[in-house]
Amino acid sequence: MADINHHIPESLLQAYATGSLVHPFALVVAAHISLCTECRAGLEAHNAAGGAMLESLPDEPVSDDLKARILDQLDAPFKQKPVYERSGVYPGPVMEALKGAAPRWRRVGMGVRQSILSAGQYGSVRLLFIPPGQAVPDHSHNGLELTLVLQGSFSDETGRYGVGDLEVANQDLEHTPIADAGAPCICLAATDAPLRFKGLVPRILQPVFRI
Amino acid sequence: MSNQPTVQFSEQTTWMLAVRDNRDRAAFAALFDFFGPRLKGFAIRSGAKGGQVEDIVQDVMLTVWRKADQFDPQRAQVSAWIYQIARNRQIDVMRKENKPVPEELHYEVEDEPDAGQILAVEQEAEHLIKAISRLKPEQRAMIEQAYLGELSHQDIREQTGLPLGTIKSRIRLGLEKLRHELRGIR
């Protein structure tokens, strides 16, 4: 397992554990935890807190027959949800978002490719493929952006990010991530707002590519 | 628990291990008696309405039975494991979306469990319950709102500030040990 230096901030981890994180961010958090023992332990700690709160709740009387109904179903057949295993550089939750298939890459210019996993009212999450030495177009953010490295690495004004590292960027950060030399950089990136690009051409393309 | 004659786990852990290892229905019924009414209160607080409430309780308890093999007392006390199942189920039912979850850690149930680690996790959970009971009412209300309250997309800058340091490092030790063992298997 890679050495991970950039982890999930505590507030995000708590929001994930308590179910208040929007779906695009929840996917990135789940993918990072799949790679990171430290953050998995943090998640379990929040679950421990949730469990302690649950135990401390007063009883709410249940229907007389609820227990019998549940016991009756213990042997009933049930539909098992498919479990998606890690495949190559893609952790299980990413494979689930891909429904088990390989990413369908679309070119977005300058050798950069993307594969949108989901886009909706709460933001979007995509895979990005960035050739070595290539910059992701300079952008700033309306909201929050999470970027998890799955292959290769990138560097920007805030440091170097390798496999498993998570960068958290908000609207105050103007940064230019550049893929390091070596293998192409593959990232899982989520945002809760459309990105704003500075250059004219990317701005025109933005609605087309939903980047 | 025949191979651990000198160690006494909590009732909940003992029930859950009996469900996991022996498919023990009486133990499952005991788990329901404790958690069923609490899960109902939890579902109501989360914003579930009408028939949804007991449907959620039923789904959660059936998941406890069906996925018992994923219960690992070396890294989570029973209530922590059930809390996670319940919150995820509430999200599925009320938001009509699947919460993305991390990969499961795969390990063999036959592995000799580390009784000391299990007891330590139980003990940390007890400390946490005591710490919560000592909180000032408004502090407690805030934490309760975050962990058990209505499902909403909260401002993620907010933090409730529970002291999770000790239990986190305790769990991390367990996970690292597990990871070490996994490396041996793979």
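What you see is a predicted model, and the numbers here were worked out from it, not measured in a lab. Residue numbers begin at 1 in each chain, while the letters A, B, ... track the order of the sequences.
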J.: Heavy-atom distance under 4.5 Å to chain A: side chain of B:Arg38, backbone, both or neither?
T.: both

J.: Pick whichever of B:Glu126, B:Arg172, B:Glu144, B:Lys99 has the most heavy-atom pairs under 4.5 Å with chain A.
T.: B:Lys99

J.: Any side-chain donor-acceptor pair under 3.5 Å between A:Arg126 and A:Ser124?
T.: yes

J.: Would you mind checking which part of A:Ala17 comes under 4.5 Å of any heavy atom in chain B, side chain (CB onward), backbone (N, CA, C, O), both or neither?
T.: backbone

J.: B:Ala29 versus chain A, heavy atoms under 4.5 Å apart: side chain, backbone, both or neither?
T.: both

J.: Evaluate the side chain to side chain contact (heavy atoms under 4.5 Å, CB included) criterion for residues A:Asp59 and B:Lys40: first the C-alpha distance (whole Å), next the side-chain angles of each, then the deciding distance (0.1 Å), finally the verdict.
T.: CA-CA 8 Å; A:Asp59 280 6; B:Lys40 183 168 177 178; over 6 Å; no

J.: Less than 4.5 Å to any heavy atom of chain B: does that hold for the side chain of A:Tyr122, its backbone, both, or neither?
T.: side chain

J.: Counting only heavy atoms closer than 4.5 Å, note whether B:Arg23 contacts chain A via side chain, backbone, both or neither.
T.: neither

J.: Side chain, backbone, both or neither: which part of A:Ala49 has a heavy atom under 4.5 Å from chain B?
T.: both

J.: Most heavy-atom pairs under 4.5 angstrom with chain A, which of B:Gly36, B:Gly149, B:Ala125, B:Pro100?
T.: B:Pro100

J.: Check whether the side chains of A:Tyr84 and B:Glu103 place a donor and an acceptor atom closer than 3.5 Å, and report yes or no.
T.: no

J.: Apply side-chain hydrogen bond (donor to acceptor under 3.5 Å, both in side chains) to residues A:His46 and A:Tyr16 and explain how you reach the verdict.
T.: CA-CA 9 Å; A:His46 283 291; A:Tyr16 174 79; over 6 Å; no

J.: If you draw the axis of the six-membered ring of A:Phe78, does the NZ or CZ of B:Arg66 fall within 45° of it and under 6.0 Å from the ring centre?
T.: yes

J.: Nearest 0.5 Å please: distance from the CD1 atom of B:Ile132 over to the CE atom of A:Met53.
T.: 5.0 Å

J.: At a 4.5 Å cut-off on heavy atoms, which part of A:His32 comes close to chain B: side chain, backbone, both, or neither?
T.: neither

J.: Taking side chain as everything from C-beta outward and backbone as N, CA, C, O, which of these in B:Asn88 sits under 4.5 Å from a heavy atom of chain A? Side chain, backbone, both or neither.
T.: neither

J.: Using only heavy-atom distances, determine whether the side chains of A:Thr191 and A:Glu145 contain a donor-acceptor pair under 3.5 Å.
T.: no

J.: Between atom CD1 of B:Ile171 and atom CG of A:Leu43, what is the distance when rounded to the nearest 0.5 Å?
T.: 9.0 Å

J.: Sort B:Leu151 into side chain, backbone, both or neither according to what part of it lies under 4.5 angstrom from a heavy atom of chain A.
T.: side chain

J.: In terms of heavy-atom proximity below 4.5 Å to chain B, should A:Pro61 be classed as side chain, backbone, both, or neither?
T.: backbone

J.: Check each atom of B:Glu54 against the heavy atoms of chain A and say whether the ones under 4.5 Å are side chain, backbone, both or neither.
T.: both

J.: Which bit of B:Phe32 comes within less than 4.5 Å of chain A, counting heavy atoms only: side chain, backbone, both or neither?
T.: side chain

J.: Tell me, side chain or backbone of B:Gln77 under 4.5 Å from chain A's heavy atoms, or both, or neither?
T.: side chain

J.: Pick whichever of B:Lys67, B:Gln12, B:Met61 has the most heavy-atom pairs under 4.5 Å with chain A.
T.: B:Gln12

J.: Checking side chain to side chain contact (heavy atoms under 4.5 Å, CB included) for the pair B:Phe28/B:Trp15: CA distance, chi angles, key distance, verdict?
T.: CA-CA 7 Å; B:Phe28 179 79; B:Trp15 290 331; over 6 Å; no

